[in-house]
Amino acid sequence: MERFAVEPLQVVDFVEHVRRRPAMYFLVDQGSPELPTEVLRTVAWDALHCRGGRHGQMSVEIGSDLSFTVESDQCPSTDARERPLPGFFGSLLDMFDMQRWAPSAAAALSVCTVIEVWLDGRGYRQELVGMEPTGPPEEFIAPKPVGARTTYHLDPSFCGPGEAIAWALRPEELHGETCKEHPLPTTFPIHDLRAEAEDSVSE
């Protein structure tokens, strides 16, 4: 009779799982030159698709080869006092019953993430190293009534030398079959600060 050895189960946390298996979250693995682009595309998809299936307003700013900012009009989860509920790792990264994993997965591949959440004129700002908050959210006067703005600085040691966000997003790349049931936004702003810097140098 053959005997089989059963390996003990290993429990890994969310950050470790994302970094071990990035393709499960972003379609491509570590070492792929498309990884930074796919991280941006996934976060932008999440910002565009709101609760209830509607499409929201969003914008993208590419700050450098491995950093980008996504702004959306999505309302974060709130408590009874209309304050942001603690999300992943107690941060401002909204969990929404674990459905909004994309911003947190992107933070797991970043050396620094800066989150701003806006609620009825009140702003909350927090910085993360990896996914660990460096401190509690700081309050400020929000620039807009409702929404969120998150900046990711992807980890260059994970992405690899020479990798970079490669292209500007197009609306049709961010939709699936279920999107046909809802009106689609015709466009959203894309600001590539790298291109603007090149233009200013050439002038």
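- In this structure, Met24 is not a member of the same hydrophobic cluster as Leu27, with clusters built from ILVMFWY side-chain heavy atoms closer than 4.5 Å.
- At a threshold of 4.5 Å between non-hydrogen side-chain atoms, the residues Trp101 and Asp46 do not count as touching.
- Taken to the nearest 0.5 Å, the CG atom of Asp192 stands 8.5 Å off from the CD1 atom of Ile165.
- Residues Lys144 and Arg149 are not in side-chain contact: their nearest non-hydrogen atoms beyond the backbone lie 4.5 Å or more apart.
- In terms of heavy atoms, Cys159 sits closest to Leu154 at SG-CB, 4.0 Å.
- Distance CG/Leu48 to OG/Ser59: 11.5 Å, rounded to 0.5 Å.
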Steps toward side chain to side chain contact (heavy atoms under 4.5 Å, CB included) verdict (Leu40, Ile62): CA-CA 9 Å; Leu40 170 55; Ile62 302 172; 4.2 Å; yes

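- Evaluation of the salt bridge (charged side-chain N to carboxylate O under 4.0 Å, His left out) test over residues 155-164, restricted to residues two or more places apart or in two chains, returns Arg19-Asp155.
- With hydrogens and angles ignored, the 3.5 Å screen pairs no side-chain donor or acceptor of Glu61 with any backbone N or O of His191.
- Of the possible donor and acceptor atoms, none in the side chain of Ser91 sits under 3.5 Å from a partner among the backbone N and O of Gly87.
- For the pair Thr69/Val114, no side-chain contact is recorded, criterion being any heavy-atom separation below 4.5 Å from C-beta on.
- In this structure, Asp29 has no salt bridge (Lys or Arg N to Asp or Glu O under 4.0 Å) partners at least two apart in sequence or on a different chain.
- The salt bridge (Lys or Arg N to Asp or Glu O under 4.0 Å) test with Glu139 singles out one residue from Arg122, Arg83, Arg125, and that residue is Arg83.
- Taking the side chain as every heavy atom from C-beta outward, Val39 and Tyr152 never approach each other to under 4.5 Å.
- With Gln126 contributing its side chain and Pro136 its backbone, the two residues share no donor-acceptor pair below 3.5 Å.
- Put simply, the side chain of Phe89 does not reach to within 4.5 Å of the side chain of Leu128, judged on heavy atoms.
- Summarising the geometry of Trp118 relative to Glu116, their closest heavy-atom pair is NE1-OE1, 3.3 Å, with the distance given to 0.1 Å.
- Linking ILVMFWY side-chain heavy atoms closer than 4.5 Å, directly or via other members, places Phe140 and Leu119 in two distinct hydrophobic clusters.
- Remark: side-chain polar atoms of Thr37 are paired, donor with acceptor, to backbone N or O of Ala166 under 3.5 angstrom.
- Contact record, Ile115 with Leu92: CG2-CB, 3.9 Å, taken as the closest heavy-atom pair.
- In the hydrophobic clustering of ILVMFWY residues, with side-chain heavy atoms under 4.5 Å counting as a link, Trp45 and Phe68 come out together.
- Listed here is the closest heavy atom pair of Pro33 and Pro36: O-CD, 3.7 Å.
- In this structure, Pro189 and Met58 approach most closely via the heavy-atom pair CD-O, 3.4 Å.
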Given Phe158 and Leu35, is the side chain to side chain contact (heavy atoms under 4.5 Å, CB included) satisfied, shown in steps? CA-CA 10 Å; Phe158 187 87; Leu35 180 59; 3.8 Å; yes

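- Taking all atoms of both residues into account, the shortest heavy-atom contact from Gln30 to Pro22 is N-CG, 3.6 Å.
- In this structure, the side chain of Asp73 engages the main chain of Gln57 through a donor-acceptor pair within 3.5 Å.
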Quick one: side chains of residues 103-113, donor-acceptor pairs under 3.5 Å with protein atoms, not counting sequence neighbours, listed by atom name and distance.
residue	atom	partner	partner atom	Å
Ser110	OG	Ala106	O	2.8

